[in-house]
Trainee: 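This is the structure, below, for whatever I ask next.
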Amino acid sequence: NAGVTQTPKFRILKIGQSMTLQCTQDMNHNYMYWYRQDPGMGLKLIYYSVGAGITDKGEVPNGYNVSRSTTEDFPLRLELAAPSQTSVYFCASSRKREGHKDTQYFGPGTRLTVL
Amino acid sequence: GENVEQHPSTLSVQEGDSAVIKCTYSDSASNYFPWYKQELGKRPQLIIDIRSNVGEKKDQRIAVTLNKTAKHFSLHITETQPEDSAVYFCAPYAGGTSYGKLTFGQGTILTVHP
């Protein structure tokens with residue numbers, strides 16, 4: 001298993017440009033998440049999905065959109081990039097387990113700079 | 001939502017010493033308490049977790065203790081080594097309709113000096 005993979009690893013955008021961060025997992029996990037991590041800070045949840053076709057907002061969703069057409073893929077879309085979106089983005093997934101939580105597995109991250 | 005605080009924010013120890021990081025949470029419904037380690041430039045990885053029906057769990061040099069009454073849990077690292085240097089995050093989980101969403105603490109930077 002490759003686990004959780006993300007592309008690209010690095011990207012520089014100009015203000016106002018758009019891009020999609022790709023995330024794929026091969027563990028057949030129901031739950032998937034997008035976090036951002038600003039320098040020296042913890043992780044903040046942007047969006048999450050509990051299964052194909054179902055997504056919901058997290059703590060910091062403004063400026064982002066997501067879709068979940070398959071169990072494996074959970075892309076994150078930035079429509080009009082702003083300097084405040086400069087961050088490292090992590091995708092994660094976990095298995096749905098009734099009654100309690102299962103481990104979240106993280107991808108390697110995408111380092112995004114908006115200039 | 002859940003309020004999570006970690007203390008200390010930075011911790012510097014000599015190799016071989018012990019290190020303790022405390023995490024305080026607000027949601028009394030929290031029932032799962034993981035600790036993640038993030039090395040510089042890497043992804044967060046789970047190192048140990050504990051469920052609400054257990055008071056302590058050990059895995060070699062790492063242990064986690066839980067005090068549900070006081071709403072805090074702690075990470076204990078004994079016989080620290082330079083490779084333990086990293087940022088450590090707690091991320092209590094409230095269960096129910098939280099759909100696996102974790103609320104991360106702000107992190108503790110641990111530095112182990114050889």
Side-chain angles (χ1 to χ4, degrees), chain A residues 2-6 9-10 23 25 27 29-52 54-61 66 68 74 87-111, chain B residues 1-7 9-10 21 23-25 27 29-54 57 59 64 66 73 86-110:
Chain A
V4 181
T5 58
Q6 292 182 238
K9 286 188 170 56
F10 305 94
C23 175
Q25 53 90 12
M27 297 175 282
H29 284 172
N30 299 93
Y31 296 167
M32 295 188 75
Y33 314 86
W34 274 106
Y35 295 92
R36 60 176 287 172
Q37 186 176 33
D38 297 334
M41 304 291 286
L43 290 90
K44 292 190 183 298
L45 184 66
I46 305 171
Y47 270 95
Y48 68 101
S49 169
V50 301
I54 306 170
T55 63
D56 206 350
K57 296 177 181 178
E59 187 181 357
V60 289
V66 294
R68 184 100 181 267
F74 190 40
S87 191
V88 179
Y89 292 84
F90 288 101
C91 179
S93 72
S94 67
R95 189 167 51 115
K96 179 183 177 183
R97 250 177 104 181
E98 297 302 330
H100 48 258
K101 174 70 182 68
D102 206 341
T103 303
Q104 281 195 19
Y105 296 88
F106 284 81
T110 294
R111 187 175 297 273
Chain B
E2 178 93 89
N3 289 324
V4 180
E5 289 191 4
Q6 274 182 245
H7 293 282
S9 55
T10 61
I21 303 170
C23 181
T24 304
Y25 60 94
D27 191 338
S30 294
N31 60 9
Y32 171 71
F33 306 93
W35 283 96
Y36 283 82
K37 175 184 180 182
Q38 186 178 28
E39 296 175 358
L40 189 62
K42 300 285 182 65
R43 74 192 80 186
Q45 291 192 298
L46 179 76
I47 55 170
I48 195 166
D49 57 10
I50 194 169
R51 312 280 173 190
S52 59
N53 58 347
V54 176
K57 181 178 177 181
D59 183 2
V64 55
L66 172 64
F73 62 110
V87 182
Y88 292 83
F89 294 98
C90 63
Y93 168 68
T97 58
S98 297
Y99 299 114
K101 291 183 290 182
L102 299 174
T103 301
F104 283 82
Q106 77 275 23
T108 296
I109 301 171
L110 173 64

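Please read all numbers here as calculations on a predicted model, not as lab measurements. Scope of the values below: all heavy atoms of this structure, side chains included, with no hydrogens, waters or symmetry mates. The chains referred to below are lettered A, B, ... by the order of the sequence lines, with proteins before strands, and numbering in each begins at 1.
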Trainee: Given heavy-atom pairs under 4.5 angstrom as the criterion, report whether the side chain, backbone, both or neither of A/V88 touches chain B.
Mentor: neither
Trainee: Would A/S94 and A/Y33 satisfy side-chain contact (heavy atoms from CB on, under 4.5 Å), going step by step from the backbone distance to the final call?
Mentor: CA-CA 9 Å; A/S94 67; A/Y33 314 86; 3.1 Å; yes
Trainee: Is it true that a side-chain atom of A/R36 and a backbone atom of A/S87 form a donor plus acceptor pair closer than 3.5 Å?
Mentor: no
Trainee: Tell me, yes or no, whether the heavy-atom count around A/M27 atom CE, taken from other residues, nucleotides or ligands under 6.0 Å, exceeds 12.
Mentor: yes
Trainee: Where on A/Q37 is there a heavy atom nearer than 4.5 Å to chain B: the side chain, the backbone, both, or neither?
Mentor: side chain
Trainee: In terms of heavy-atom proximity below 4.5 Å to chain A, should B/P44 be classed as side chain, backbone, both, or neither?
Mentor: both
Trainee: What part of B/Q38 gets closer than 4.5 Å to chain A, counting heavy atoms only: side chain, backbone, both or neither?
Mentor: side chain
Trainee: By a 4.5 Å heavy-atom criterion (distance strictly below it), what part of A/L43 contacts chain B: side chain, backbone, both, or neither?
Mentor: both
Trainee: List for me each residue that meets ring-ring contact (aromatic ring centres under 6.0 Å, His included) alongside A/Y47, sequence neighbours excluded, and say none if there are none.
Mentor: none
Trainee: State whether a side-chain donor-acceptor pair under 3.5 Å links A/Y35 with A/Q104.
Mentor: yes
Trainee: Which region of A/F90, side chain (C-beta onward) or backbone (N, CA, C, O), has a non-hydrogen atom less than 4.5 Å from a non-hydrogen atom of chain B, or is it both or neither?
Mentor: side chain
